[in-house]
There are 2 protein chains.
Amino acid sequence: MQKDTLCLGLLSLGPRSGYEIKQMFEGPLSDFYSLSFGTIYPTLNRLQSEKYVSCKQLSQSKKPDKKVYTITKKGKDLMKENLLGDASAYIRSGNFGDQIKSEFFLLLLFAKYLPKETLETVLNERVLFLQQKLQQFKYDGPVPSDLQALRNEKSITFIRGLATTLIESGLNYMEKNRGKLN
Amino acid sequence: MQKDTLCLGLLSLGPRSGYEIKQMFEGPLSDFYSLSFGTIYPTLNRLQSEKYVSCKQLSQSKKPDKKVYTITKKGKDLMKENLLGDASAYIRSGNFGDQIKSEFFLLLLFAKYLPKETLETVLNERVLFLQQKLQQFKYDGPVPSDLQALRNEKSITFIRGLATTLIESGLNYMEKNRGKLN
DNA sequence: ATTATATATATCAAACTGATATAGATACCT
DNA sequence: AGGTATCTATATCAGTTTGATATATATAAT
């Protein structure tokens, strides 16, 4: 999915600044996709110059000003059109896997070259990390408005359930089988 | 993990050409990491000029010549040193998640903008893909030598078991809960 | 005061990808 | 015999993306 469609999609959930969009990519969304500032800011500027989003400079007390972007009618139309194109391209491409770069799995692959205690630490930290992730996905209390906007999406129920299931079965497997690595 | 360490690590499993390294990244390894030709070839050339690998031009019948790279003692030393550094950096970084770009999850997130039948196709194709992946990970018969080299690694038993568990629980969840997306 | 931290925007060198070019060899079709 | 397609194999590069850095405002802590 191109960055334009993704930014427009996130803005369709409510007006946001570039900084807030980045924050969405650092919460639970980070497990599925991410974009850096170097991509987000230029994209928003271009989308604005092409009238797909409008922009209001907002003064805040206790914080620096921010530029809040709102998706326009033209932007929503483009988003829907692109989304359809992306889905068709996804289907036609025949490539239904995710693009993954996993430092953890590479370290496991070359585990035999690592001291035993280093490997143990890597595994322990990964388990702790996954346990935290699991709590995040299960947590149902109040969250910042950026994340609440995501959470209001109907499909998020399905996605959170899937993430929870995957992490739980992964943790379970690791705790039962980590002995095989020694 | 830097590309140098990764290429050396793969060459430590046996001599390979750039094309064969790329093929390893297109098999089961693709689910954990990947590098493109544009990264692999320049890396191998540099590693050779710095004596971390040696290179033999090989004539083949029925196929074009290939350049087969073999890791040197100096290369193995660098690999082990880098691997230790990578593991320490991983632990210190505090970032234990994987970097993921998932077109599938983004399409799910914006599912409400997609026609019902498009969403159904996306889900059906993903399920078929995962079922194939599962068979690949479970398959224990003969494979090309590149993949056999990976399979001989002791840690692969753990990794294959983990991948199998994750895919199975994911498929199970999707088949039980996909109704929630309508 | 100084340091640290958080919010916020912006830019850019370095790295990486995806596409393309080139080329040898086989295989199939007409 | 010529044309097309496919697979193996190496190489390059424009365009994209990241990760780091710069700049600035404001609060909080030492």
Side-chain angles (χ1 to χ4, degrees), chain A residues 1-7 15-27 30 33-49 53 55-69 89-90 92-95 97-103 106 144-146, chain B residues 1-7 15-27 30 33-49 53 55-69 89-90 92-95 97-101 103 144-146:
Chain A
M1 185 176 302
Q2 66 200 62
K3 61 200 176 208
D4 292 33
T5 318
L6 181 47
C7 287
R16 297 272 179 276
S17 69
Y19 191 78
E20 287 163 342
I21 288 178
K22 178 76 216 232
Q23 281 180 314
M24 294 173 97
F25 281 124
E26 266 157 14
S30 71
Y33 218 94
S34 189
L35 291 177
S36 69
F37 281 128
T39 300
I40 294 169
Y41 283 120
T43 298
L44 288 175
N45 286 331
R46 192 170 32 72
L47 288 175
Q48 188 194 354
S49 76
V53 301
C55 177
K56 265 186 205 159
Q57 186 103 15
L58 229 102
S59 303
Q60 304 180 103
S61 64
K62 313 212 177 193
K63 288 175 192 175
D65 291 3
K66 65 177 172 179
K67 292 183 185 172
V68 176
Y69 296 89
Y90 179 73
R92 263 178 296 127
S93 77
N95 179 20
D98 304 329
Q99 193 204 81
I100 300 179
K101 302 241 161 174
S102 173
E103 184 81 6
L106 289 186
S145 64
D146 311 336
Chain B
M1 185 175 304
Q2 67 200 62
K3 61 200 176 207
D4 291 35
T5 318
L6 182 47
C7 287
R16 297 270 178 278
S17 68
Y19 191 78
E20 287 163 342
I21 288 179
K22 177 75 214 223
Q23 281 180 315
M24 294 173 97
F25 281 124
E26 267 158 13
S30 70
Y33 218 94
S34 189
L35 291 177
S36 68
F37 282 128
T39 300
I40 293 168
Y41 284 119
T43 298
L44 289 173
N45 286 331
R46 191 169 33 72
L47 288 174
Q48 187 193 355
S49 76
V53 301
C55 176
K56 266 185 204 157
Q57 186 103 17
L58 230 104
S59 303
Q60 304 180 103
S61 65
K62 312 210 177 193
K63 286 175 194 178
D65 291 3
K66 64 177 173 179
K67 293 182 184 173
V68 176
Y69 296 90
Y90 179 73
R92 264 177 295 125
S93 76
N95 179 19
D98 304 329
Q99 193 204 79
I100 300 178
K101 302 240 162 175
E103 183 81 5
S145 64
D146 312 334

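We name chains A, B, ... by the order of the sequence lines, and we start the count at 1 in each one. Treat the numbers as computed from the prediction; the structure is a model and nothing was measured.
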Whole angstrom value for the distance that separates [atom2] of [N] from [atom1] of [X]:
| X | N | atom1 | atom2 | value |
| --- | --- | --- | --- | --- |
| B:Lys67 | D:dT8 | NZ | C1' | 15 Å |
| A:Phe37 | C:dA10 | CZ | P | 11 Å |
| B:Arg16 | D:dA9 | CZ | C1' | 16 Å |
| A:Met1 | D:dT17 | CE | C1' | 17 Å |
| A:Lys22 | C:dA6 | NZ | P | 16 Å |
| B:Lys56 | D:dA9 | NZ | P | 17 Å |
| B:Tyr69 | D:dA9 | OH | P | 13 Å |
| B:Tyr41 | C:dA19 | OH | C1' | 15 Å |

* Most 5' of A:Asp65 and A:Pro42 on DNA chain C, judged by nearest nucleotide ->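 The answer here is A:Asp65.
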* **Closest-nucleotide 5' rank along DNA chain C - winner of B:Lys62 and A:Gln23** =>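 Nearest-nucleotide comparison on DNA chain C picks A:Gln23.
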* D:dT18, C:dC16, C:dA8: which one has an atom nearest the side-chain heavy atoms of B:Lys3? ->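 Closest nucleotide to the B:Lys3 side chain: C:dC16.
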* Flag the pair A:Phe37 / A:Ile21 as yes when at least one side-chain heavy-atom distance between them is below 4.5 Å, and no otherwise. =>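 Heavy-atom side-chain distance check fails, nothing below 4.5 Å.
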* Do A:Val53 and A:Arg46 come close enough that some side-chain heavy atom pair is under 4.5 Å? ->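 In short, these two side chains do not touch, never coming nearer than 4.5 Å.
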Using a cut-off of 4.0 Å on non-hydrogen atoms, how would the nucleic acid contact of [X] be classed: base, sugar-phosphate, or nothing?
| X | result |
| --- | --- |
| A:Ser34 | sugar-phosphate |
| A:Ser17 | sugar-phosphate |
| B:Gly38 | base |

